[in-house]
Amino acid sequence: MNLEQVMDQLKTQERFAKNITCWKVIPEKHGEYEDFPEYLNPKLVSALKKKGIYRLYSHQRKALDEVTAKNNITVVTPTASGKSLCYNLPVLNDLLADKNSRAIYLFPTKALSQDQVSELMNLVNVMGENIKTFTYDGDTPVNARVAIRKDGHIVVTNPDMLHTGILPHHTKWMKLFSNLKYVVIDEIHMYRGIFGSHTANVLRRLKRICRFYGSDPIFICCSATIANPRELAEKITETPMVLIDHNGAPSGEKNIIFYNPPVVNRQLGIRRSSLLEAKTLALTFLKNKIQTIIFARSRLAVEVLLTYLRDEMKSIPGGMNLVKGYRGGYLPKERREIEKGLRDGEIFGVVSTNALELGVDIGNLDASIITGYPGSVASTWQQTGRAGRRNSLSASILVASSSPLDQFIINHPEYFFEASPEHGLINPNNLYILVSHIKCAAFELPFADGETFGKENIYEILDFLEGERILRHVGGRWHWMAESFPAEEVSLRSASAENFVIIDITKDAKVIGEVDQSSAPMMIHEEAIYIHAGQQYQVEKLDYEEKKAYVRKVDADYYTDANLAVEIKVLDVFREKTVDNGQNYVGEVMVTSLATMFKKIKFFTHENLGFGHIHLPPEEMHTTAYWLSIPENIKELSREEMESGLLGLCNVMVNIAPLYLMCDPKDIRGVVQIKSPFTQKPTIYIYDNFPGGVGFSEKLYNMEDQLLKAARQVIMECNCEDGCPSCVGPYDEVGFGSKKFALKIIKGVLSD
Ligand SMILES: [Zn+2]
């Protein structure tokens, strides 16, 4: 069967059709084209023609015109719309006229830069011009670095390298900074939260150094669809932007299908697992040789789904190798092979985390299956965008999990299709981030009296740093006087830069992958089943100090899933107010998380086979939180009933808050205390899941009782009898009766 026939089958077979809550057809769209402008260098025109490009998409032409007119631009482009020409054309056109010009290309990760660089180099080679493009990152050999500093016309790097490897050594890069005309920032929507806040400060430092050497570069930013691309770009670069968001590229007809797995236990409100449903749907495509990408929300889910699919594909000759897994933690070489296999059509199916949602080039596939709502409107569109060719049919299926957010979306498809995607939020003036970069900036060039950092007046911070004996104020300037090298101590990513390596000791010891610091306690504690590329390993020993996990191949019929215990302590209250009968606060907290135990869960049946303990040190984080304290003796709830109700209510609030905050569910977390040491009352905390916070708690505080009212609506609208995973949460987490108790608590707080 071809894709059209498979879709007909989904539509007509009752087994599938009855679970479909929405089937949206986005019609085919024709391309909008413009001719090459007359000012475009003939060498560039003939190179494009050699590559089969005879005219430009309208958005590419607009980008070229605006940059040539010296405007900063933000281009919003879906996948496969030829975005790299939006920056390569104006930059190359200028370089052909003036070989002294320089450009910096910033990509959020190394992997994302590779495809763009090879495309750029290819264009330069076709022209046969001496324009040197170099990648400058941690892997660049020392002996190549001198040549790059001197001769590189286009330096491709990432914000981390700019921060530690380039800006602090600006004197060696004089030629680049004196002639810097363009800064390209691709995938700017990824610069959110802590990472975006850091990058904004790195760019403040970059602009400061450019001013010192007398240059004033134009910023060219590219973004996927988010609610506020221009605002985000303007905040990160502190520069006014022209927005180009009308896409001229053609696209084929697209089918977006919402699929809700059937209820299998009505009393407990349990639906068939979204993983198992996704497996069935994926097999329908894969067995018909339709190239399909299957997204799952966690690395564990990727491996479990991959195991299931391979098991079913065994019956087809060579079938096992037609489906691959793809996620963070696979080694780069392994990932490159999978990307190539997908482009060449040798691999039919790939199961991936959101790692493949981004600009990695895997060509365009026919179908995508999204296992569980990815958490944001923007991510969902990016994942559906992985399926779709310029002139043929494509299909994307969203399979809902039982979580309240998934159930809300799958049952209110109009919300999804009409909603604005999320805002990219950053807070460059987060004090903890700002101070770090002022130190780095002072190391690079002394601050003069009255000088601002970006638009910030920083006298107080400079004065504080002098008190700490880090700066010295002489002759109207603030000089660096500490011994250390400040940039080394500042990581731009919220997670620690250091990863744990995983070493397979089945035969000869060899490294098979990596896990980041914050996931290590959950994924590679001792006795954990670590699944890599569908093969199971058991962790024999975790050397926490050395950051090494030693694993051995096993053939287990279960996987492991760890529990995280979270404690919270109030450090400072910024503001508080009474709303109805509840007391609302926003302030600073310390969150301590500790992996305590793990469950063994049987493949396919998902039955619980037992548990074990985890012995690892806790992780601490300072952040901002919103909290709500509740009158103590609501309707005479017993202590157990109060706890069950609080847990259920907290689950609902944390699950639906992203709809109002327009954030990713991972950005916030909730905790409850039956008797808070701070408020002395039952209390629900929701905190920003980033050190220092980025502003979500503040927004929650300002929502008054809107979130509580929304939680009440979700709980009351749910069809279950006594609470279920789609409202208050599963009974083994929140206890029986949680639905009733949560509603009583809400009634006790709200006065309407
Ligand atoms: Zn329910």
Side-chain angles (χ1 to χ4, degrees), residues 18-22 258-278 297 301 371-375 398-416 561 563 606-608 628 630 634-635 637-638 640-660 665 668-672 682 684 686 705-750 752:
K18 68 179 196 307
N19 302 324
I20 292 170
T21 62
C22 172
F258 278 21
Y259 185 96
N260 202 5
V263 174
V264 288
N265 180 330
R266 195 164 140 60
Q267 209 188 0
L268 297 181
I270 295 172
R271 290 179 181 276
R272 188 155 186 265
S273 143
S274 54
L275 278 184
L276 294 174
E277 288 295 282
R297 275 197 296 223
T371 316
Y373 179 61
L398 171 65
V399 182
S401 79
S402 314
S403 86
L405 185 56
D406 280 45
Q407 288 301 311
F408 180 86
I409 294 284
I410 211 83
N411 289 310
H412 298 87
E414 71 290 350
Y415 171 86
F416 173 79
D561 194 10
N563 278 1
H606 295 186
E607 116 200 47
N608 195 338
L628 165 68
I630 284 153
I634 287 177
K635 305 273 179 210
L637 288 180
S638 74
E640 286 72 29
E641 291 168 344
M642 177 59 94
E643 179 164 23
S644 165
L646 275 184
L647 282 169
L649 178 55
C650 179
N651 275 346
V652 180
M653 288 169 74
V654 169
N655 268 290
I656 58 172
L659 291 175
Y660 296 89
I668 54 168
R669 290 268 188 277
V671 190
V672 306
I684 293 173
I686 302 177
D705 56 10
Q706 205 188 347
L707 184 60
L708 214 50
K709 285 182 173 157
R712 180 172 62 188
Q713 189 196 350
V714 166
I715 300 174
M716 291 192 2
E717 277 183 4
C718 190
N719 286 327
C720 66
E721 290 162 23
D722 186 34
C724 74
S726 304
C727 57
V728 290
Y731 74 92
D732 56 349
E733 274 174 33
V734 297
F736 287 107
S738 178
K739 183 172 185 170
K740 188 168 64 197
F741 305 136
L743 285 172
K744 277 192 179 170
I745 294 173
I746 296 172
K747 199 159 178 223
V749 177
L750 293 179
D752 63 349

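Note that the numbering runs from 1 along the sequence shown for the chain. Atoms within each ligand, like the ligands themselves, are counted from 1 in listed order.
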Show which side-chain atoms of residues 735-748 pair as donor or acceptor with protein atoms under 3.5 Å away, not counting sequence neighbours.
{"from": "S738", "atom 1": "OG", "to": "S644", "atom 2": "O", "distance (Å)": "2.9"}
{"from": "K739", "atom 1": "NZ", "to": "C718", "atom 2": "O", "distance (Å)": "3.1"}
{"from": "K739", "atom 1": "NZ", "to": "C720", "atom 2": "O", "distance (Å)": "2.9"}

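Protein N/O/S atoms closer than 2.8 Å to the Zn ion (ligand 1), listed by chain and residue number, are C718 SG, C720 SG, C724 SG, C727 SG.
A distance-only check finds no donor-acceptor pair linking the side chain of E643 to the backbone of E640 [under 3.5 Å].
In this structure, N411 CG and F258 CZ are separated by 10.5 Å, a value rounded to the nearest 0.5 Å. A distance of 12.0 Å separates CD in E641 from CG in L646, rounded to the nearest 0.5 Å.
Annotation for R271 and S402: closest pair CB-OG, 4.1 Å, computed over non-hydrogen atoms.
Electrostatic pairing of R297 and D406 counts as a salt bridge here, judged by a charged N lying under 4.0 Å from a carboxylate O.
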